[in-house]
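A, B, ... follow the sequence lines: proteins, then strands. Residue 1 opens every chain.
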Amino acid sequence: MTASSEYRDFVRQIVEDDLASGKWGGRVHTRFPPEPNGYLHIGHAKSICLNFGIAKEYGGKCNLRFDDTNPEKEDVEYVDSIMEDVRWLGFDWEDRLFYASDYFEQLYQWAELLIRREKAYVCSLSLEEIRSGRGTPSEPGTDSPWRSRSVDENLDLFRRMRAGEFPEGAHVLRARIDMAHKHMLLRDPIMYRIRYAEHHRTGNKWCIYPTYDYTHGQSDSLEQITHSICTLEFENHRPLYDWYCEALGIHHPQQIEFNRLNLTYTMMSKRRLLLLVQEGFVSGWDDPRMPTICGLRRRGYTPESIRAFVAYVGVTKNNATMDMVVLENHLREDLNRNAARRMAVLNPLKVVITNYPEDQCDELDAINNPENPAAGSRKVPFSRELFIEQEDFMEDPPKKFFRLGPGREVRLRWAYFITCTEVIKDSSGKIVEIRCTYDPATKGGDAPDGRKVKATLHWVSARHTVKADVRLYDHLFVREDPDEVADPALDWKSNLNPASLQVVTGAMLEPSLASAVVGDRFQFERLGYFCVDRETTADRLVFNRSVTLKDAWAKEQAKG
RNA sequence: AACCCGGUAGUGUAAUCGGUAACACAACAGAUUUUGGUUCUGUUUUUCCAGGUUCGAGUCCUGGCCGGGUUACCA
């Protein structure tokens, strides 16, 4: 949270300074450049909010550009999902949708230019030879024997690489920089490799593909980007980014690196998330336990809550890990204001109101959202047989348990005060039903004589019930840091939480929920926030628990 | 190991010429409450270390220490 309204994070500080100095002629132009090799996650949301947010705040523009230079890992499935997720988060690239692959011809022409300027050469060493020739951080590399090929030979070879005359791995194009450079990255980095792979956009037009380093800065340059904002791991690449722009003499944006977002009890590695999907640890990229944007969306997160969270976490260069509770609190804060309240019983315990006539039924007024009077109210039916939550009754309650017990009186939300008179058990001793009396004078939940109860319970009328499956989610991993393993023989997968999904099949809902449609969000009173899952069908309602309510009783119990 | 980047309450983030170390969340205690929710009040806890410059250092300098990134024909 910001201490004062004057505060600007260091990236915005740079943007404002540049605006003040006129460095870019008053322009602010950013871009969000995902590689379409996976689904976007909450970490990308930070980058999206930063790039699109800065553009919006300073009257600039933000492009969406797919960094699609590695056809072997990329796919249109990812392209489509990324566009959907960016839009869902509330951002708009207008007519500025670009692909690095759109620049392949230009990039190729620039490569020939660098060859002519003797700043690039075709190297015919094997992968292994290149690797060993690069040296180590403490020892300089050795020049490739092909480093001094003539311009004409390089041009000829490079053109034949493009023409498909050589097998994969036969040659690469390298920048001629310095094999003794202290930055390993500047020891004649690879610009092009031969790949006979079909590209999701260019098909089989190309068999040579530019590397990230040779592509990214030039793409920024072509789009007249001013501030190229990326995460910290690209800090090492900045000298190369700068080198290509300078060597080519083209518009040279400023690369600025910020810290990526990490969260406890989950992970952001696209590679690992893909593995969770492929090996079936989760049901898909949009499994509600995944930190992906589509997973969070299906879980019931709102774009507003994600944007607020991202604004809250801030932008610095520190390595930071946010507590998952902070993300959850932002959802709670949003939904507390905006989600309608409903009553639902997950683990039903039958209650019979012995002094309530069998054929009678009350239609009681229930307020939809105490935080928002405009949300109005609804009717809930009350009858002789009800369900309450099993956890709301204890035969022999401890001191701090305020809910129902033998001889105790509690309030049923929006209904009546009831007093427990009898406990019915089966032959094994399990409680199967409790009997209560109600006080007709307390209709609506207020006692005219001013008497107080210590608890208010949620409930549903047995014969008016709507049934549903409810999926209760917990952290994907049992440890804050999934990489922390007790036994060195184990890896992060051993920290997967076996109880991260619990399915309740016989949940009893109040009748108004029968008309809920996919995506609807509710607070089930005293339980948490839930949304209607996309697997809901005409005869089966499915709810996902987005987040629990804070639970002071659970905390008290945990103390032991 | 070399290069790059960081180190401020438990966590994240402020302190904008070098001028009283603060905010949020978490934790704890209490008040209110027809959700053990919400709201409100209060409490605990902070500048990695050692020197130096200075009237004064989280901020500047020197040297350590610790953490992260990089060492791909991935991005």
Colleague: Could you check whether any side-chain heavy atom of A:H227 comes within less than 4.5 Å of a side-chain heavy atom of A:V11, counting everything from C-beta outward?
Modeller: no

Colleague: Determine the Euclidean distance between corresponding P atoms of B:C3 and B:G63; express it in Å to zero decimal places.
Modeller: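 Each nucleotide's P atom is 13 Å from the other's.
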
Colleague: With sequence neighbours excluded, tell me which residues meet ring pair (Phe, Tyr, Trp, His ring centres under 6.0 Å) with A:F524.
Modeller: A:F530, A:F543

Colleague: Going by modelled atom types, is there a donor-acceptor pair between the base of B:G36 and the side chain of A:R403 at under 3.5 Å?
Modeller: yes

Colleague: Using residues 370-377 of chain A as the side-chain source, report each donor-acceptor pair under 3.5 Å to any protein atom, sequence neighbours left out, with the distance given to one decimal.
Modeller:
from, atom 1, to, atom 2, distance (Å)
A:N372, OD1, A:A374, N, 3.2

Colleague: With a 4.0 Å cut-off on N to O distance, would you call A:R260 and A:E233 a salt bridge?
Modeller: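 Answer for the salt bridge query: yes.
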
Colleague: Please give the distance between the P atoms of B:U62 and B:C4 as a whole number of Å.
Modeller: 14 Å

Colleague: Looking only at atom P, what distance separates B:U32 and B:G68, rounded to whole Å?
Modeller: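 Their P atoms lie roughly 49 Å apart.
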
Colleague: Counting heavy atoms from C-beta on, name the nucleotide in B:C73, B:G69, B:G36 closest to the side chain of A:E233.
Modeller: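 It is B:G69.
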
Colleague: For the side chain of A:E391 and the base of B:G36, is some donor closer than 3.5 Å to an acceptor across the two?
Modeller: no

Colleague: NZ of A:K73 versus C1' of B:C73: gap in Å, rounded?
Modeller: 12 Å

Colleague: Does any donor atom in the side chain of A:T456 or A:R411 lie under 3.5 Å from an acceptor atom in the other side chain?
Modeller: yes

Colleague: For A:F98, does the six-membered ring have the charged nitrogen or CZ of A:R31 within the cation-pi criterion, i.e. under 6.0 angstrom from the centroid and within 45° of the normal?
Modeller: no

Colleague: Apply side-chain hydrogen bond (donor to acceptor under 3.5 Å, both in side chains) to A:D75 and list each qualifying residue two or more places apart in sequence or on a separate chain.
Modeller: none

Colleague: Using a distance-only test with no angle check, is there a side-chain donor-acceptor pair under 3.5 angstrom linking A:Y209 and A:E72?
Modeller: no

Colleague: Taking only N and O in the side chain of A:T211, is any of them less than 4.0 Å away from OP1 or OP2 of B:C73?
Modeller: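 Negative; the distance criterion is not met.
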
Colleague: Measure all distances between protein nitrogen or oxygen atoms and nitrogen or oxygen atoms of nucleotides 2-6 of chain B, and list the pairs falling under 3.5 Å.
Modeller:
from, atom 1, to, atom 2, distance (Å)
B:A2, O2', A:P137, O, 3.4
B:C3, O2', A:H183, NE2, 3.4
B:C5, O4', A:E235, OE1, 3.4
B:G6, O3', A:N318, OD1, 2.9
B:G6, O2', A:N318, OD1, 3.2

Colleague: What pairs of residues pass the salt bridge (charged side-chain N to carboxylate O under 4.0 Å, His left out) test when at least one of them lies in residues 33-45 of chain A, not counting sequence neighbours?
Modeller: none

Colleague: Using atom CD1 of A:I190 as one end and atom C1' of B:U71 as the other, report the distance to the nearest whole Å.
Modeller: 14 Å

Colleague: Between A:R451 and A:D439 (salt bridge meaning N to carboxylate O under 4.0 Å), is one present in this structure?
Modeller: yes

Colleague: Would A:Q523 and A:Y529 count as having a side-chain donor-acceptor pair, cut-off 3.5 Å?
Modeller: yes

Colleague: Quick one: the side chain of A:R8 and the base of B:U16, do they pair up donor-acceptor inside 3.5 Å?
Modeller: no

Colleague: Report yes if at least one side-chain N or O of A:R131 is closer than 4.0 Å to OP1 or OP2 of B:C73; otherwise report no.
Modeller: yes

Colleague: So what does the secondary structure string of RNA chain B come out as, 5' to 3', with Watson-Crick or wobble pairs under 3.5 angstrom, [ ] for crossing and | for pairs with another strand?
Modeller: (((((((..((((.....[..)))).(((((.......)))))....(((((..]....))))))))))))....

Colleague: Is there, by distance only and without an angle test, a donor paired with an acceptor across the side chain of A:H237 and the base of B:A75 below 3.5 Å?
Modeller: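 Checked by distance alone, the answer is yes.
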
Colleague: Roughly how far apart, to the nearest Å, are B:C40 and B:U33 at atom C1'?
Modeller: 11 Å

Colleague: Using atom C1' of each nucleotide, how far apart are B:C17 and B:U13 to the nearest Å?
Modeller: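 It works out to 23 Å between them.
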
Colleague: What interatomic distance, in whole Å, is found between C1' of B:C25 and the corresponding atom of B:U46?
Modeller: 15 Å

Colleague: So if I take every side-chain heavy atom of A:P370 and compare against B:A72, B:U35, B:G12, which nucleotide ends up nearest?
Modeller: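 The nucleotide sitting nearest to the side chain is B:U35.
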
Colleague: Going by heavy atoms closer than 4.0 Å, what residues in residues 192-201 of chain A are next to RNA chain B?
Modeller: A:R193, A:R195

Colleague: Does any pair with a residue in residues 172-192 of chain A pass salt bridge (charged side-chain N to carboxylate O under 4.0 Å, His left out), and if so which ones, sequence neighbours excluded?
Modeller: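 Counting only pairs at least two positions apart or across chains, the salt bridge (charged side-chain N to carboxylate O under 4.0 Å, His left out) contacts touching residues 172-192 of chain A are A:R147-A:D188.
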
Colleague: Who passes side-chain contact (heavy atoms from CB on, under 4.5 Å) against A:P291, sequence neighbours left out?
Modeller: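 Partners of A:P291 under the side-chain contact (heavy atoms from CB on, under 4.5 Å) test: A:I42, A:T266, A:M268, A:L273.
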
Colleague: Write down the distance between CG (A:L185) and P (B:A72), rounded to a whole number of angstrom.
Modeller: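 Taking atom P of B:A72 as the reference, CG of A:L185 is at 9 Å.
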
Colleague: Could you tell me how far B:U59 sits from B:G19 if I compare only their C1' atoms? Round to whole Å.
Modeller: 11 Å

Colleague: Does B:A75 have OP1 or OP2 under 4.0 Å away from a side-chain N or O of A:T69?
Modeller: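 For B:A75, OP1 or OP2 has a side-chain N or O of A:T69 closer than 4.0 Å.
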
Colleague: If the cut-off is 4.0 Å, is A:R341 near the phosphate of B:U35, judged by side-chain N/O to OP1 or OP2?
Modeller: no

Colleague: Please list, chain by chain and in numerical order, all residues satisfying side-chain contact (heavy atoms from CB on, under 4.5 Å) with A:L127, sequence neighbours excluded.
Modeller: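 Expected list: A:R131.
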
Colleague: Tell me whether A:Y212 is stacked on the nucleobase of B:A75, counting only the six-membered base ring and applying the 5.5 Å and 30° thresholds.
Modeller: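 The ring of A:Y212 is not stacked on B:A75.
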
Colleague: Just compare B:C74, B:U13, B:C73 and give me whichever is closest to any side-chain atom of A:L127.
Modeller: B:C73

Colleague: Any pair with a residue in residues 312-329 of chain A that passes salt bridge (charged side-chain N to carboxylate O under 4.0 Å, His left out), sequence neighbours left out, goes on the list, sorted by first then second residue, please.
Modeller: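 Output for this query lists A:E235-A:K317, A:E257-A:K317.
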
Colleague: What string of B, S and - do you get for nucleotides 25-32 of chain B 5' to 3' if you count protein non-hydrogen atoms under 4.0 Å?
Modeller: SSSSS---

Colleague: Rounded to whole angstrom, note down the C1' distance from B:C73 over to B:U11.
Modeller: 41 Å

Colleague: Is the distance between the ring centroids of A:H216 and A:Y212 under 6.0 Å?
Modeller: yes

